[in-house]
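Contents: one structure, followed by commentary.
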Amino acid sequence: MEKKYDPKQFEERLYKEWENSGCFKAVRDDKKVPFTIVMPPPNVTGQLHMGHAMDCTLQDTVIRFKRMQGYCALWLPGTDHASIATEVKVVEEIKKEGLTKQQLGREGFLERAWEWKDKYEQRICGQLRKLGSSCDWSRLAFTMDERCSKAVREVFVNLYNKKLIYRGDRIINWCTECRSALSDVEVEYAEEQGKFWHIKYYLENSDKYIEIATTRPETMFGDTAVAVNPADPRYKDFIGKNVVIPVAGRAIPVVADEHADMEFGTGAVKITPAHDPNDFEVGKRCNLPSILVMNDDGTMNANAGKYEGQDRYVCRDNLVKELEEGGYLVKTVPHAHNVGHCYRCNSVVEPMVSRQWFVKMDELARPAINAVMDKKVIFIPERFAKIYYNWMENVKDWCISRQLWWGHRIPVWYCSDCGAEICEKTDPTVCPECGSKNITQDEDVLDTWFSSALWPFSTMGYPDDTSDLEYFYPTDLLVTGYDIIFFWVSRMIFSGLEHMRKVPFRDVLMHGLVRDEKGRKMSKSLGNGVDPLEVINKYGADSLRFSLLQGVAPGNDTRYSDAKVEACANFMNKIWNASRFVLTNCEGREIRSISEVKLTAADKWIISRLQAVIRDVTLTLNKYELGVACQLLYDFMWSDFCDWYIELTKPALYGADGAKKDGALAVLKFVLENAMKLLHPFIPFITDEIYRNIPGTQGTVMLAEFPRYNSKLAYKKDAAAFAGVMDIITAVRAAKTERECAPSKKVSLYIISEQKRLISANEDSILKLAGAKDITFITSAEEAGENAVAKVLSTGTVFIPMGDLVDAEKERERLQAELERVTAELRRADGKLNNAGFMQKAPKKLVDEERAKLEKYIAMREKILQQLKNYN
RNA sequence: GGGAGCUUAGCUCAGUUGGGAGAGCAACUGCCCUACAAGCAGUGGGUCACAGGUUCGAGCCCUGUAGCUCCCACCA
C-alpha cells in the first residue's frame with residue numbers, strides 16, 4: 001500500500017474495474033429478493049450540483065448495503081429531457097450565434113436540442129461515476145428515449161379514451177417569456193410591493209359611480225362585469241345596472257357574487273374572466289363573456305384599443321396616466337401582494353384563458369391518497385405525508401400542454417376537412433372519420449413531468465409485460481428532495497396506481513436541500529454553488545460522500561462546508577493509516593482465524609464492540625438513518641479501533657512471543673476486514689482498495705457479504721471487565737497530565753485491587769498505554785510512599801508516586817471533589833431505589849443496574865474517604 | 001389565511017419505542033512515543049428557547065408563548 005492516502009491513485013481505477021466486471025448489473029435471480037431504486041433523473045440542462053451529489057450518495061449507500069446483504073439490487077439510472085428548462089438553455093445557446101428558434105425551425109431546433117442532450121447526459125453520467133454510483137448503466141434511460149416515449153404514448157391514449165385527458169379553454173398560467181402555459185406547481189409566488197389603483201366606474205348615463213380597486217389596471221379592457229357582495233348595503237341599488245369601463249367606454253353589468261369581499265378594498269371588484277382565476281369562476285357562475293386583452297408575448301392586443309402592441313407594463317403606466325387625467329383615478333395606495341413567477345425564467349406569469357390539454361385529477365387523486373393512508377407508500381420522515389395529503393386533496397386539473405418544441409409531442413391529430421380529433425397509439429395517416437389526408441398533429445408538447453411521472457415503470461418496459469416489471473416493480477425505495485413532492489412524487493404515485501395498478505415504490509426517503517456554509521440556498525445568481533467535481537478533485541469522492549451523510553437526519557436541510565469535507569478527509573487518512581499499520585504487520589506471516597488463537601481481554605473487547613456496531617449499523621441502515629450509522633462507524637473506527645485497540649496490540653506485535661503476535665494479528669485482520677465491509681456502502685473506494693490488500697480476501701468488497709451480528713462473539717462480560725482496565729489507563733494518563741508530567745516519563749504504579757488477575761493479564765497494555773514502568777500490588781496506601789497520587793476506580797485504587805510534582809493540598813482538594821462527585825452519584829442511585837414509584841414501575845433491568853451502581857459507588861466512597869485520611 | 005419545521009457546547013449539527021446530555025470544528029494544556037502532527041493524551045464549556053402539564057422519571061409526550069425558516073392558498 002502507498003504510504004500516503006491519495007484517492008487519485010485508485011478511485012478511477014476501481015470504478016472502471018467495477019463497471020467492466022459487471023458488478024453494477026442487476027440480473028434477475030429468482031432465488032434472491034429484489035431491491036430496486038430508480039434514480040430521480042437529473043435534468044440534462046447542465047451539470048450536477050451538491051444536491052445531486054447528496055441524493056446520489058444516499059441512494060448508492062443504500063443500494064450497496066442491500067447488494068451486500070444478498071438482495072438482487074437494481075439501481076436504475078437515467079436523465080430527464082426537462083422540456084422547458086432545456087429549451088430555455090438551447091435558445092440561449094443559439095442566441096449567442098445570433099439565431100432564434102423560428103429561424104432554425106422545429107426540426108433544426110430539435111437537432112440542436114438532441115446535440116445538447118447528448119453532451120450533457122454524458123457529462124452527468126461522468127459525474128455520477130466520479131461519485132462512485134453503483135447504478136446499472138446497461139439500463140440507462142432517458143425520458144425521451146424510445147422506451148419512455150412508448151410509455152408516454154400508451155398512457156396518453158389510455159387517459160384520453162377514459163376521458164381523463166381533455167382539451168379545453170380554461171384559465172392557465174402563461175409565461176410570456178417562454179410563451180408557454182405552465183401548470184400550477186410551476187408558478188412560484190413572491191411578495192412584491194405593488195400598487196392598488198382605485199378607479200371610478202360610472203353608472204351608465206349617471207354621475208354616480210362605483211369605486212373599484214385593482215393591482216392590474218391594464219386588464220380592464222377585459223372586464224365584463226363589476227361584482228359586489230349580495231349582502232353589501234352600499235351597492236344594493238347598483239346590482240343589475242350597468243357601469244361603463246373608463247377609457248374603453250364599454251358598458252358592463254354590476255353583478256352580485258360572494259366572491260366580492262365587503263371587507264377588502266372598496267368591496268367592489270372588476271371581473272376579468274380571461275385574466276384572473278377567481279374572475280373566471282365568477283364569469284362561469286354569472287354567465288359573463290370572456291375577453292382576452294393580451295398576446296402571447298405579454299403585449300396588449302386589439303381589445304386594448306389604442307394600447308394595442310404595447311407591453312403590459314408600458315400600457316399600465318400609460319393607462320394610469322390617462323385615467324388620472326380623465327378624473328377616474330381616485331387614489332393610488334401601496335399594496336404588498338404575491339406575484340406569480342415562472343419557475344424557469346422567473347418572469348411574471350400572466351393568468352390567461354387558453355385552450356390547453358388537461359389531466360382530470362379528482363378520480364386519480366383518491367386512490368393515491370388512500371395508498372399513503374394505507375401505508376402502501378411510506379414517507380420518511382412521516383410528516384411529509386401530511387404535505388402530500390394537503391396537496392392531493394386540493395389538487396386541480398393538471399395543465400399538461402406546453403407551447404414548446406423540446407418534449408413529447410401531443411399525440412393528437414386534427415382533420416381539417418371534417419374537424420375530427422384523432423388520438424391513437426400509432427400515428428394516423430388519414431382521418432378515420434372521413435378518410436381525408438389533411439390531418440395535422442397538435443403543435444404542442446407535454447409537460448416534462450408527464451413523462452417523469454411514469455419513470456418507475458416506463459424505464460422497465462411498460463406497457464409490455466416485461467420480466468423486469470414483474471421482478472423489480474414496485475420498486476422499494478425512492479430517494480428525493482422534499483421540494484419535488486408535488487411535481488414528481490405525487491404524480492408517480494397516481495400514475496403507478498392508474499397504469500400499473502400498483503404503487504411505484506414502498507418507501508420514500510426525503511432529504512433536504514444542501515445549503516452553503518451560511519445557510520443560504522446554493523444558486524447561480526448568488527454564485528455560492530460548489531461544484532462536487534472540484535471537491536472530489538481536491539479531497540476524493542469518499543470524503544465528499546461521507547461529509548454529505550454525516551450528521552444528516554431524513555428530511556432536514558444540511559450545510560456544505562469545506563471544513564466538514566476536510567474533517568472527513570482526515571477520517572479517510574486515519575482509516576488508510578490504520579489499515580497500513582495492520583497490513584504491514586501482516587506481511588510475511590500466515591494470518592490465523594480468530595477461532596484458532598487465544599483471545600486476550602482486549603481482543604474480546606474489540607470483537608464485542610464490533611458486534612455491537614454490526615448490529616446497530618444494520619438496524620439504522622434498515623431505517624435509512626444514514627447519518628446515525630456514519631457516526632457509529634466513525635466512533636468505532638477512530639476511537640475504539642485506532643486509539644485503543646491498535647495501541648493495545650503493540651506490545652504483542654513488537655514483542656517476542658509468536659503466539660501473542662499471531663493472536664493480535666488475527667484479531668486486527670478480522671476487525672479491519674469487517675470494518676471495511678461495514679464502511680463500504682458509505683465510502684466505497686477506500687474500503688475496496690484496502691480490502692483487496694487484506695490477506696485472504698478475494699475480489700471486491702462490494703460483492704462481499706455484509707457482516708452479520710454474531711451473539712457468540714458478543715463477549716459481554718469480558719468486554720465489561722476490560723473497560724475496567726481502560727479506566728486504569730485513562731486515570732494514570734490524566735494524573736500525569738494534571739501534574740504536567742511528561743507522558744514519556746515512565747511512572748511506577750501501586751495498585752490495591754481485588755482484580756489482580758485481570759490487571760496482571762493486561763499488564764503489558766497498561767504499562768504501554770499509561771506510560772508506566774512497573775505495577776506493584778499492595779494492600780495499604782502507605783506502601784505506595786508519600787508523594788503518590790491516588791485514583792479511586794471501580795477496579796481498585798491506583799497510586800502513582802510522582803515525587804515533587806505532587807502538591808498535598810491540591811491532592812486533598814481533588815479527592816474532596818471526587819468524593820463529592822461520587823456522593824452525588826450515590827445519592828442519585830439511592831434516591832431512585834428508595835422511590836416506591838420507580839421500584840414498582842421501572843423495568844427490572846433498570847432497577848438491577850441502579851442497584852449495581854449503588855454498590856459500586858458505596859465501595860468507591862469508602863476508598864476515597866480512606867485516602868482522604870492521609871491528608872488530614 | 002392554513003400548515004410544517006427549527007430553537008441542544010463559541011460555530012455546524014446528531015440525539016426514533018421517555019431511563020445518567022453527544023460528535024465534528026473552535027478553545028486551553030502537554031506531547032514527534034517505529035500507522036497517522038491530516039496525529040496522540042488530557043481539560044474546560046450546556047437550567048437541551050420560555051411557561052405549564054402528564055409521568056416514579058421529560059431534550060424526547062401534551063398544552064400554551066416567543067423568535068427564526070419553509071411550504072401551501074392568493075383578497076381583486
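So you know, we letter chains A, B, ... as the sequences are listed, proteins then strands, and number each from 1.
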To the nearest Å, give me how far apart CH2 (A:Trp391) and C1' (B:rG2) are.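 For the pair A:Trp391 CH2 and B:rG2 C1', the rounded distance is 18 Å.
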
With rounding to the closest Å, how many angstrom separate the [atom1] atoms on [N] and [M]?
N: B:rG18; M: B:rC28; atom1: C1'; answer: 37 Å
N: B:rU7; M: B:rU47; atom1: C1'; answer: 16 Å
N: B:rC6; M: B:rG46; atom1: P; answer: 25 Å
N: B:rA23; M: B:rA14; atom1: C1'; answer: 7 Å

Which is true for A:Ala578 with a 4.0 Å heavy-atom rule: it touches a base, it touches only sugar-phosphate, or it touches nothing?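 Here A:Ala578 touches the bases of the nucleic acid.
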
Is the shortest side-chain N/O distance from [X] to OP1 or OP2 of [N] below 4.0 Å?
X: A:Lys396; N: B:rC72; answer: no
X: A:Lys574; N: B:rC40; answer: yes
X: A:Asn585; N: B:rU34; answer: no
X: A:Trp638; N: B:rC40; answer: yes
X: A:Asn835; N: B:rG57; answer: no

Can a donor-acceptor pair under 3.5 Å be found between the side-chain atoms of A:Asn338 and the base atoms of B:rC74?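 By the distance-only test, yes, there is a pair.
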
On a plain distance test, is the side chain of A:Glu625 in donor-acceptor contact with the base of B:rU16 below 3.5 Å?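 Per atom types, the contact qualifies.
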
Of A:Ala742 and A:Asp276, the one whose closest RNA chain B nucleotide lies more 5':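 Checking each residue's closest nucleotide, the 5'-ward one belongs to A:Ala742.
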
Want to settle it: does A:Lys386 or A:Gly267 sit nearer the 5' end of RNA chain B, counting the closest nucleotide to each?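 Mapping each residue to its closest nucleotide by heavy atoms, the 5'-most match is A:Lys386.
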
Would a 4.5 Å heavy-atom cut-off, applied to side chains only, mark A:Asp640 and A:Ile606 as touching?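 Result yes, sub-4.5 Å side-chain heavy-atom pair found.
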
Check: A:Asp557/A:Tyr482 side-chain N/O donor and acceptor closer than 3.5 Å: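 A pair is found: one side chain offers a donor N or O, the other an acceptor, under 3.5 Å apart.
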
